[in-house]
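Here is how names work: the chains are called A, B, and so on, in the same order as the sequence lines, proteins then strands, and each is numbered from 1.
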Number of protein chains: 2
Amino acid sequence: MPTMTAAQRRARDRDLYNAYVAECPSRQVLDAISDKWVTLVLNALADGPLRYSDLARRIAGVSQKMLTQTLRRLERDGLLTRTITPSVPVRVDYQLTGLGETILPVVTAIKQWSEAHIDAIHAARDDYDHGRSGGQ
Amino acid sequence: MPTMTAAQRRARDRDLYNAYVAECPSRQVLDAISDKWVTLVLNALADGPLRYSDLARRIAGVSQKMLTQTLRRLERDGLLTRTITPSVPVRVDYQLTGLGETILPVVTAIKQWSEAHIDAIHAARDDYDHGRSGGQ
DNA sequence: CAGGATCCTAGTCGATACTG
DNA sequence: CAGTATCGACTAGGATCCTG
C-alpha cells in the first residue's frame with residue numbers, strides 16, 4: 001500500500017536506472033578514462049615505460065595518493081603492467097599493455113575533436129557569459 | 001626567510017601545473033563529456049529536440065537540479081540550444097546544435113572501444129581481484 | 001624509492017520547498 | 001511547466017606521517 005507517490009517513484013526509477021547505467025560498457029569506460037589523472041598517465045606512458053618517481057615528476061602536480069590510486073586502477077583494468085624489481089632501493093616500472101595501447105587512439109580522437117572545436121566552445125561560452133541584449 | 005621547502009614548492013608546482021592542464025583542450029572537453037548526465041542528454045537529443053519534461057522522463061533517474069545544470073552547461077558550451085516558447089504553460093525545447101552533433105561520433109568511438117574491450121577489462125579485473133597464486 | 005594509513009577540506013549531488 | 005534556492009549527505013582528492 002503505497003504511501004509513496006512521486007518522490008519514492010523517482011527514487012526507485014533512479015535505482016533501476018542506475019543499475020542499467022552501471023551495466024553500460026560506455027559508461028564504465030567513460031568513468032575509467034574521464035578521470036583527471038588517467039589520461040595524463042596514459043599519455044605519459046605512451047612514450048614508453050616509466051618508473052614511479054619518473055611518473056610523479058612527469059605529471060608534476062599529482063599527489064602520490066592519486067598517482068598510486070590511478071596506477072592501481074589502470075593495472076586492475078589491464079591497461080598497464082606493474083613490474084617490481086627488488087633491487088636495493090625497490091624499483092617499480094609501469095608500462096602500457098596491448099590493451100592499454102589500443103585505447104590511445106580513442107584518447108587521440110577526443111583530443112582531435114577538442115582541438116578542432118575548442119575555439120567554438122570558447123566562443124559559445126564567451127557569447128553565453130556576458131550574454132545577449134546590449135551588454136558589453 | 002621562507003619556512004617553506006618541499007611542501008610549498010610542490011603546492012606551487014601543482015598550481016602551475018593545473019593552470020597548464022586547464023589550458024589543455026582535451027582536458028576541458030574530457031571534463032565536459034565525462035559527466036554522468038552529459039552523455040545521456042546527448043544521446044537523448046540525438047534523436048531530435050525534446051522538451052524539458054520529456055528529457056526528465058526519458059532519462060528517468062535524474063534530479064531536475066542535475067538536468068538543469070547539465071543542460072545549462074551544454075547550452076553554454078554551444079552544444080545545444082534552448083528555445084523558450086512563451087505559451088500559457090511555458091514550453092522549452094532543447095536541441096543539439098551542429099557542434100553538438102559533431103561530438104556524437106566521438107561518443108560513439110568511445111562506445112565502440114568500450115564494447116570491444118569491456119570483456120577484456122572485466123577479465124583483467126577478475127584476474128586482479130581474487131588475484132595471484134592459487135587463492136580463490 | 002615506492003606506497004600504505006589517516007585526517008580533513010572542498011566540491012558534488014540529491015531531496016525538498018518555493019516561484020513565475 | 002520549467003525552473004531557482006537551500007540544506008544536508010556523501011565522497012573525491014590533497015596533505016601529512018609512517019613503513020618496508
Side-chain angles (χ1 to χ4, degrees), chain A residues 4-18 21 31-32 34-38 40-41 49-76 80-95, chain B residues 3-18 21-22 31-32 34-38 40-41 49-76 80-95:
Chain A
M4 60 111 128
T5 22
Q8 297 199 351
R9 258 254 306 263
R10 258 185 310 170
R12 194 184 47 182
D13 283 352
R14 177 164 41 74
D15 287 346
L16 290 172
Y17 190 79
N18 285 340
V21 161
D31 275 349
S34 71
D35 187 86
K36 184 176 182 177
W37 305 111
V38 166
L40 296 171
V41 169
L50 289 174
R51 291 206 298 268
Y52 182 87
S53 49
D54 287 333
L55 277 169
R57 250 184 300 280
R58 185 101 157 219
I59 305 189
V62 69
S63 63
Q64 39 69 308
K65 177 184 176 180
M66 280 303 98
L67 182 55
T68 301
Q69 183 174 302
T70 302
L71 290 169
R72 283 280 141 49
R73 185 159 16 182
L74 290 174
E75 184 197 2
R76 189 172 104 101
L80 56 79
T81 56
R82 177 166 171 263
T83 310
I84 308 169
T85 308
S87 24
V88 188
V90 190
R91 172 195 176 118
V92 181
D93 286 88
Y94 293 91
Q95 124 172 260
Chain B
T3 316
M4 62 108 127
T5 21
Q8 298 199 349
R9 260 254 306 260
R10 257 185 309 168
R12 195 183 45 181
D13 283 351
R14 177 165 42 73
D15 287 346
L16 290 172
Y17 189 78
N18 285 340
V21 160
D31 275 348
S34 71
D35 186 85
K36 182 177 180 178
W37 305 111
V38 166
L40 296 171
V41 168
L50 289 173
R51 290 205 297 269
Y52 181 87
S53 49
D54 287 333
L55 277 169
R57 249 184 302 279
R58 185 100 158 221
I59 304 188
V62 69
S63 63
Q64 34 71 305
K65 176 184 175 179
M66 280 302 98
L67 182 54
T68 300
Q69 184 174 302
T70 302
L71 290 169
R72 283 282 139 56
R73 184 160 16 183
L74 291 175
E75 184 197 3
R76 189 172 104 101
L80 54 80
T81 56
R82 177 166 171 264
T83 308
I84 308 170
T85 307
S87 24
V88 189
V90 190
R91 173 196 176 116
V92 182
D93 287 87
Y94 293 91
Q95 123 173 260

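- Taking the salt bridge (charged side-chain N to carboxylate O under 4.0 Å, His left out) definition, one finds that Arg72(A) meets it with Glu75(A), sequence neighbours left out.
- What separates CE of Met66(B) from C1' of dC10(D) is a distance of 13 Å, to the nearest Å.
- Atom CG of Leu50(A) is separated from atom C1' of dC1(C) by 15 Å (rounded to the nearest Å).
- In this structure, CD1 of Ile59(B) is placed 12 Å from P of dG14(C), rounded to the nearest angstrom.
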- Could you write nucleotides 2-7 of chain C as a row of B, S and -, 5' to 3', where a protein heavy atom under 4.0 Å of any base atom gives B, of only sugar-phosphate atoms gives S, and otherwise -? SSB---

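- Scanning for side chain to side chain donor-acceptor pair (under 3.5 Å) contacts around Arg76(B) gives Asp129(A), with sequence neighbours left out.
- The two atoms that bring Pro86(A) and Ile84(A) nearest to each other are CD-O, 3.5 Å, heavy atoms only.
- Atom CG of Asp31(A) and atom P of dA12(D) are 11 Å apart (whole Å).
- For Asp54(B), the side chain to side chain contact (heavy atoms under 4.5 Å, CB included) test picks out Leu50(B), Arg51(B), Arg57(B), with sequence neighbours left out.
- When the C1' atoms of four end pairs are superposed on the next four at each end of the helix from dC1(C)-dG20(D) to dG20(C)-dC1(D), using five pairs per end, the two resulting axes differ in direction by 40°, to 10°.
- Shortest non-hydrogen contact noted between Leu67(A) and Val62(A) is N-CG2, 3.7 Å.
- Here the shortest heavy-atom pairing between Leu71(A) and Leu80(A) reads O-CD1, 3.8 Å.
- To the nearest 0.5 Å, atoms CG (Asp35(A)) and CE (Met66(A)) are separated by 8.0 Å.
- Counting only residues at least two apart or in different chains, side chain to side chain donor-acceptor pair (under 3.5 Å) contacts with residues 80-89 of chain A comprise Arg82(A)-Tyr94(A).
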